[in-house]
Every structure is written in C-alpha cells, then in structure tokens.
Amino acid sequence: MAIAISVQDLNHYFGQGQLRKQVLFDINLEINTGEIVIMTGPSGSGKTTLLTLIGGLRSAQSGSLQVLGQELCGATPQKLTQARKHHGYIFQAHNLHSSLTTLQNVKMGLELHREIPPTEMKARAIRMLEQVGLGERTNYYPDGLSGGQKQRVAIARALVSHPKLVLADEPTAALDSKSGRDVVNLMQTLAKEQGCTILLVTHDNRILDVADRIVHMEDGVLKRNTASPVG
Amino acid sequence: MIGFIQQLQRRTPLGWLQLSHEKGRLLVALAGIAFADVLMFMQLGFQNALYDSNTRVSRAMSADIILLSPKALNLQNLSTFSRRRLFQAKDVPGVQTSTALYINSITWRNPQTRLNATVQVLGFAPDEPAFDLPEVNQQLDKLKLPDTVLFDRGARGQYAEAIAQVEQGKTTTTEVDRRTLTIAGLFSLGASFGADANLMVSDQTFLRLFPRRDAASVSLGLIQVKSGYNPQQVAAALESHLPEDVRVLTTQEYLQFEENYWRTASPIGFVFGLGTVMAFVVGVVIVYQVLSTDVNAHIKEYATFKAMGYSNSYLLSVVFEEAIILAFLGFIPGAILPLGLYALAANATALPIYMTASRAVFVLVLTVVMCALSGAIATRKLQSADPADMF
Ligand SMILES: Nc1ncnc2c1ncn2[C@@H]1O[C@H](COP(=O)(O)OP(=O)(O)OP(=O)(O)O)[C@@H](O)[C@H]1O
Ligand SMILES: [Mg+2]
C-alpha cells in the first residue's frame, strides 16, 4: 500500500533564544493511503502543532516530513501554499465566510482547481451539500444555520474537491453527541467513497471506533502507534 | 487574455459579496467617497471658472496679435504704452488694422440700488470694432453719442431690474462722479474674479470718464493680420520693428500670459489646488477606514482561505476588487451632485461653472487612485492572517 504521510525524526520548537521551547520530540509516523488515523492526547501535548506541520500551515524545521510525495521540511511559502491545495481541512471552528451563502462557501473549495469548469463547480458543490444533508439550504448564510449544520458545510467545503488527504482538528468538539456522530459517519463514508486518507484529532472517546488506527500524543512524544481495537 | 476572462467568470466575486453583505458599511463608504468627489469637483470647477472668466474679455477681442506694456500684469493691471507704437505697427507688412483699447476700473452708482460699485470700462473707437461680439458691433452707433455705454448682462450684483428696463427700451441712467451715463444697450460677457461688470464705451467717453488718462497712452493694441499672413511671423516682425517699450504677443500667447498670472501670481490657483488635494486625502482616509475595518472583520476568513491554499495575491485582489467597486459606485453620486451645485454656484456668482467631460474623467481617475491607494495601505493588515493560527 502506498504511503500518504511519512514523518521521520521530526522536532519542532516555538520561540527564539531563551524562550525557545521544544514542543515535538523525534516524531515518527507513517500513514498509508486510505487509512483513517485518530490522534488523541491531553491538552497542550502538541497535536495541533503536528497537524499544522503536516498540513503545510507551518514550515517544518528539522527532520523529514513527506506528505503526498512532497518533502515539506524547509519548503518555501509558495510550495506550502501549493501543497495546501491538495489537502482538505476541517477546523475545530467552522470558519465559514459569513458573507457567502452555503453554496458559495463550498464553491470556494473548488475555485482553486482551475481545471474544473464553472458549471461543473456548481453541480459538484450542490451534490456535495446534498450528501451532507443540506441540499435544501444552499442559499442560506452561515448565520442562519445551527452549529452542526455549519460544521457539515465546512466538511462539504473540505471534501468537495476530492482531496487526497483530510486533516481534521476536533471537528466534533462544538457538537452534541448525535450531530458529532453524524459528522464522523459522514467523513467516514465520504472518505471511503473517495479513497482519501484521514488524520483526525479528537478528545471524544465515542468516535474512536471509526479509526483504523489510534495514535497517542503526550508531552510532544508519540506514545502509542498501534492498530485500533475495533478496526 | 481569454484565459484571464474565463478565470474571472468562474471566480466568486468575493469583494462585492463582502461589501454588499454589510449594507450599512457600504453606504457609509459610498457617502464618504461621494463627499470627497463633490469637494474635488467644486474645487476644480471654481478653479476652471477663475481661468475661464478672467480670460473671457481677452478671448472676445478681435485681434491676431496684441501689443501691451512690458509692465502689464493682467487685464486689471495693464499699465500703458505710447499710441505711436500702433501707428508704427502699420508699417510692418501683413498688418491690416491696429486699434487702441483703453481699459480702466471705475466706481459708478448701481442704476438699480444707487449704491457704489466698481466696474471695468473698455473704451475703443466705434469705427474700428475691437470685439468679436455681434451684439456690440450692431450697437456701435449708440456709442458715438457722448456718455453713452453698453452694459454687461452677465454682471455680478443686483442689476436684474436695470437690465430688464434697458431691454424694454427705456432710458436708464446712472452717475459716475457728477457725470450722467446713459445705458443704451446690452451685451453678454460675464463677471470675472477681477471685475464684477464690464462697460463698453467709445474712446471719447472713456477719456471724459478718466480725465487723467490721455489718448496717447493706450492699454492694449489690437492688431489684425491680413489674410495670407501668419500671425506668428507678423508678431516676430513687429517685435523687431518696434522699440523695447512695448511687448508683442499673439492672442494665444496673451491668453496664456493672463491665465499664467492667475495660476502663479495670484494665490487662487494654489488655494483651489490645495483644496483638491485635501479632498483627495479626506477620501483616502475614509476609504482606508472602511477597507481596514473590512479586512479586520474578515481576518479569520482570510486565514482560512490561506489554509485552503489561496495565495496572498488572491487576498490582495479581493481588497483591490473592493477598492475599485467603491471607487465606481461612489463616483456616481459624487458626479451627479455637483451638477446641481454647479448650477447653484453659477447663479450665485455669475461665474462660468459647469461640468466638463474631461473633468469628470479626471475626477474618476483620482477616485480610482484614491481607492487603490487606500486599498494598498489596508492590505498590509493581510499579513497578520496566519493560517497556522487557524487550526
Ligand atoms: N504559536 C505558538 N507559540 C508558542 N508556543 C505555542 C504556539 N502554539 C502552541 N504552542 C505551545 O505548544 C504546545 C503544544 O500546543 P498544541 O496547540 O499543539 O497542543 P494541542 O495538543 O493541540 O492541545 P489542545 O488539545 O488543547 O488543542 C503547548 O504547550 C502550547 O503552549
Ligand atoms: Mg489543539
């Protein structure tokens, strides 16, 4: 099986000089294409930091970080921007644009891909919204949606371009258990349909069953790297 | 190019959607831009009216070449030169006529209000028409009567009743010192910053009104060139033929000379130029306020777009899109309002204030520059949209 993410001896530091503080220690992690991996760990242990490094939102400082065949350690800002186009992000907060309708928000996930013609963009965005159960809400603004609905729009936006890699940081934190479950099931189905790799950070024990594998972060060190009891 | 248009078609008009989503903010921005535009239009309108009105008399003179004293500053401060130069000018080949024009200001009694007012008196021999004004030239016979004048319909001040009276053919008289003047007819030139009203009189009447002026000292010499001669060449010939105590200018050069006086020697051109700059700065500040508020309000969304793979230049283009939309939308009320204000100002000041296409284009360009400049300053805040803080 092909490898989607390969992290080797990754260290990360915040701050300069006296204030320099190491938050990630010798991280080694490999994730295969199509795998769903959940990362857990206490607050402040470095989960978000690792996710932002893999996502190309921060530049990696030392070690090796291969994502979808690209080395991101020491990459230029332009190369990072380019790499981000191939990832789907789901933020802890929905981060939808308040001046755009549901449909326009989802379309923004497609506009970056110049090869898709405008008519197809619209059709795909509508189909995606139908899949997350919001086919009736295409012309709503985010202010008119519930928290769970907004999170589903954010998922639609992240997945509409069929990214090869989906990174999600506590996507269910703002949701009640029922909508949280719906959202995770949705990600799982879509991921299986589109064959993409998912790395998901969560504190929510109720959703661990979707994972093929669970890794555990503690004080900047990846503690466990085992197959999940369920998967 | 075609590729660019296709990209434009598929692009979500984010700038426009952001602006139109916040109706209140949009209205404030447009009002601010319109305000700046109106200020600019008024300043430029007055400035242009100043130059226009001050050369109006000169532009009506029927001359190809104008002789004047080297000490002349402008139409109100011409000084004089010897009439002999006009006779000498006739010796130069190509000169058809050379006419004397006497100009001076005088205090007369407004025929309507009986209050003192200053008017500009233009005196010339009725046999030799000095102006290209058909209305004046039809009434030259009237001027041959002593102490008879033609009056300017476009005069600034309370003259409406007196003008109506003359138009009905009633004799209208007024006084200068203890001399009685008869207003026998009317013409249209208009007021200027330098003179509220113009009077046309014969050279004889002029000399009676100004006992201290003598016929041998003229204010301007109007020279017409025979057909087939080039005024420029004749002017050069006159220049070398006549002594140093007289200046020779083609009519075009003379108009420039007068306009230049108001542009440089008078503070008025500077004042209106400064006013335009101030209006521009006010506009930049207002648009900057609106755009930077907008960038701040959307900084999270911008960071999200960056995290999705949108480049910095895409976000820059959104801010500039907003700037350009604001410029064009704000320009519409900003260009319509001055039309009414120009009419008001023209009525109140009897100055030729009106909209011109070139000024409208100029202000539109200034508006676009103004908004683009504000946009450029506002985009500095985009750097703080860091996608790493979004996860
Ligand atoms: N921009 C930053 N500058 C300096 N230190 C930072 C920065 N971001 C995070 N840190 C520090 O790095 C450590 C790891 O932070 P991180 O956000 O990765 O934790 P986390 O595992 O995601 O926690 P949580 O579960 O609360 O989201 C923390 O000690 C945090 O204080
Ligand atoms: Mg975190």
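Chain naming here is simple, since letters A, B, ... match the order of the sequence lines and numbering starts at 1 in each.
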Do the non-hydrogen side-chain atoms of Leu17(B) and His97(A) ever get within less than 4.5 Å of each other? no
The interface call for Thr101(A) against chain B, heavy-atom contacts under 4.5 Å, is neither
Drop me the distance from Leu112(A)'s CG to Phe305(B)'s CZ, to the nearest 0.5 angstrom. 9.5 Å
Is it true that atom CZ of Phe14(A) has more than 12 heavy atoms of other residues, nucleotides or ligands lying nearer than 6.0 Å? yes
Does CZ in Phe35(B) sit with more than 12 non-hydrogen atoms of other residues, nucleotides or ligands closer than 6.0 Å? no
Report, one line per pair, each donor and acceptor closer than 3.5 Å where one atom sits in a side chain of residues 370-380 of chain B; sequence neighbours left out.
unit_1: Ser374(B); atom_1: OG; unit_2: Val284(B); atom_2: O; d: 3.1
unit_1: Ser374(B); atom_1: OG; unit_2: Met370(B); atom_2: O; d: 2.7
unit_1: Thr379(B); atom_1: OG1; unit_2: Ala376(B); atom_2: O; d: 2.6

Enter the distance from Ser98(A):OG to Lys300(B):NZ here, rounded to the nearest 0.5 Å. 11.5 Å
So, the part of Leu80(A) with a heavy atom under 4.5 Å from chain B: the answer is neither
Rounded to the nearest 0.5 Å, what separation is found between the CG atom of Leu96(A) and the OG1 atom of Thr304(B)? 8.5 Å
Under 4.5 Å from any heavy atom of chain B, what part of Met121(A) do you find: side chain, backbone, both or neither? side chain
Within 6.0 angstrom of Lys122(A) NZ, more than 12 heavy atoms from elsewhere: no
Going through the distances and angles, do Met308(B) and His87(A) end up as a side-chain contact (heavy atoms from CB on, under 4.5 Å)? CA-CA 7 Å; Met308(B) 286 164 68; His87(A) 311 161; over 6 Å; no
From Lys85(A) atom NZ to Tyr310(B) atom OH, the distance as rounded to the nearest 0.5 Å: 9.0 Å
Nearest-0.5 Å distance that lies between atom NE2 in His21(B) and atom CG in Leu100(A): 8.5 Å
With rounding to the nearest 0.5 Å, note down the distance linking OG1 in Thr12(B) to CE in Met108(A). 5.5 Å
I need the contact set between residues 123-132 of chain A and chain B: heavy-atom distance under 4.5 Å, sorted by residue number. none
Closest approach of Ala307(B) to Phe91(A) (non-hydrogen atoms, all atoms of both residues): CB-CZ, 3.9 Å
Taking atom CZ of Phe328(B) as the centre, report whether more than 12 heavy atoms of other residues, nucleotides or ligands fall under 6.0 Å from it. no
Give a yes or no on this: more than 12 heavy atoms of other residues, nucleotides or ligands lie within 6.0 Å of atom CG of Asp219(A). no
Apply the test side-chain contact (heavy atoms from CB on, under 4.5 Å) to residues His298(B) and Ser99(A): give CA-CA distance (whole Å), side-chain angles for both, the deciding distance (0.1 Å), then the verdict. CA-CA 9 Å; His298(B) 292 109; Ser99(A) 306; 3.5 Å; yes
Is the backbone of Asn95(A) close enough, under 3.5 Å, to the side chain of Glu301(B) for a donor and an acceptor to pair up by distance? no
